[in-house]
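Structure first, then comments.
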Amino acid sequence: MFKYFPHTEDDLKEMMERVGVKNFDELYAQIPENIRFKGDYQIDSASTEEGVRHVFDMLGAQNKQLTCFAGYGVYDHTTPSVIPSLLQRSEFLTSYTPYQAEISQGTLHYIFEFQSMMAELTGMDISNASMYDGTTAAAEAMMMAVAAGKKVNKVLVSGGVNPRTREVLDTYALHHGIELDTIAMNDGVTDLNDLKTKLAQGGVAGVMVQQPNVYGIVEDFTGFADACHEQKALFIMDSVIADLAVLKTPGEWGADIAVGDGQSLGIPMQFGGPYVGYMCCTEKLIRKMPGRIVGMTKDNRGQRAFVLTLQAREQHIRRQKATSNICSNQSLMALWVTVYLSLMGKQGVKEAAQLSYAGAHYLCDELLKTERFHLAYNKPFFNEFYVKYDGDVDALYQRFIDAGFLGGVKLDGGLLFAVTEKRNKVEIDELVKIAAL
């Protein structure tokens, strides 16, 4: 009946036995009952393709589109309309892997450009050919620090790192025998004295901080790299890549590894992905970096050509020597970011960041004027800020939604607002008006 389904009943039974479940209901037991769809799709058994598309278009139309003032690691930036068209060019849109350079020049070319752009934005020497997303890039950096260390397995993580990133770090650390410890926060920023105390105890392979941090605060990391290097630990910075168009780069802060997510470079928020992680490092760590590195050379006619220069994956070297089995992300997203940066140019990316900064500070000032809000921490911020509200946060949040706004992210009893270049003064003023009720 289902001639395109490859698995037989015996195959399914064997797979379920292997993972320790008796049936498919057990397999999905963690999904709450109240969000499971138990009806039938209203699709005729002999519908046309156009008919099926219409059904799902109607379902999609039921979603409420909200004006987004939320961030927390995912940001509603402008996507130039030409990107999807450029992505479909035949030299780019291919499923072929870049092992045979003579038939993969399009793929190798844009990966090389992606690496070049990431290295320039972060101020680092080397970039790999992208990671799955920002959280797993952070986890790979953690493992990279341990691999580069000399019989040390502890990594210190700032309390200012996004909790979702920390959860992924915890998962990876559990299964790789890595010990994680948290650096205390002091008035919304990473406590340098606590870092030095923990470093002095020894056994630290790496230190990870976030810029801007989870509260949107732009931290001053003066002295952090020196403190790490004095104790032979690597300094890792997790950053929103778009913000680095105007902020001091990880390279300038003395970081050894720079990671983060590239979603802020024009990738639509969708429903949670796909995104693209980046990882850059100093040249001396190139052999510890997971994934691929594409290089540029000349062919036998003297023309520019691109090749896989380095790939330290477990498929290519002895398993015990590999730092990771990661390959690259959905390379389509690396291409998306590359096209975005090419279209925007240095000035365009900088202007988008400046508009985001200006919009966030305008919104913050207007909210403070209502006398219902106050900054949780009086620290410099970029395009995201954390405020406390003198009232019922849940009720306010619902008022925002009822009015068509995603009014920030609820965080520890307060609200974390984010503004990008897409938000205009009319939208900001309307949000403030609702907040002042």
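Atoms considered below: every heavy atom in the structure, side chains included; atoms not considered: hydrogens, waters and symmetry mates.
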Are the charged groups of [X] and [Y] less than 4.0 angstrom apart, N to O?
X	Y	answer
K410	D394	yes
D365	K369	no
D181	K154	no

Verdict with supporting geometry, Y397 and L406, side chain to side chain contact (heavy atoms under 4.5 Å, CB included): CA-CA 8 Å; Y397 196 76; L406 185 55; 3.3 Å; yes

Neighbour count above 12 (heavy atom, 6.0 Å) for E14 CD: no

More than 12 heavy atoms from other groups under 6.0 Å of CD on Q303: yes

Residue that, paired with L180, satisfies side chain to side chain contact (heavy atoms under 4.5 Å, CB included) out of L174, N153, L156, D170: D170

In a table with atom names and distances, give each donor-acceptor pair under 3.5 Å that connects a side chain of residues 231-238 to protein atoms at least two apart or in another chain.
none

Sequence neighbours excluded, every pair satisfying side-chain hydrogen bond (donor to acceptor under 3.5 Å, both in side chains) that has a member inside residues 426-437: Y362-D429, R423-E427, K425-D429

Atom [atom1] of [X] and atom [atom2] of [Y]: how far apart are they, to the nearest 0.5 Å?
X	Y	atom1	atom2	result
R304	K298	CZ	NZ	11.0 Å
E120	S127	CD	OG	12.0 Å
K288	I257	NZ	CD1	11.5 Å
L87	F92	CG	CZ	8.5 Å
Q210	I217	CD	CD1	11.5 Å
N128	R292	CG	CZ	10.5 Å

Give a yes-or-no answer on whether the side chains of [X] and [Y] include a donor-acceptor pair shorter than 3.5 Å.
X	Y	answer
D133	T136	yes
T182	R166	yes
T338	E113	no
T79	Y340	no
E219	T190	yes

Kindly indicate whether the side chain of [X], heavy atoms from C-beta on, has any atom under 4.5 Å from the side chain of [Y].
X	Y	answer
V82	L343	yes
D390	K388	no
D256	H229	yes
F417	L415	yes
V276	F114	yes
F221	K248	no
T370	Y389	no
I286	M289	no

Ring-ring centroid check Y386 Y215, cutoff 6.0 Å: yes

Closest approach of F382 to A353 (non-hydrogen atoms, all atoms of both residues): CZ-O, 3.6 Å

Closest non-hydrogen atom pair between A245 and V349, with its separation: CB-CG1, 3.5 Å

Flag, side chain of E91 to backbone of T107, donor-acceptor distance under 3.5 Å: no

Whether H77 and Y75 hold their rings parallel, tilted or perpendicular, with breakpoints at 30° and 60°: tilted

Aromatic ring pairing F385/F381, orientation class (parallel under 30°, perpendicular over 60°, tilted between): tilted

T78 vs E421, side-chain hydrogen bond (donor to acceptor under 3.5 Å, both in side chains): CA-CA, chis, key distance, verdict: CA-CA 7 Å; T78 300; E421 77 283 0; 3.2 Å; yes

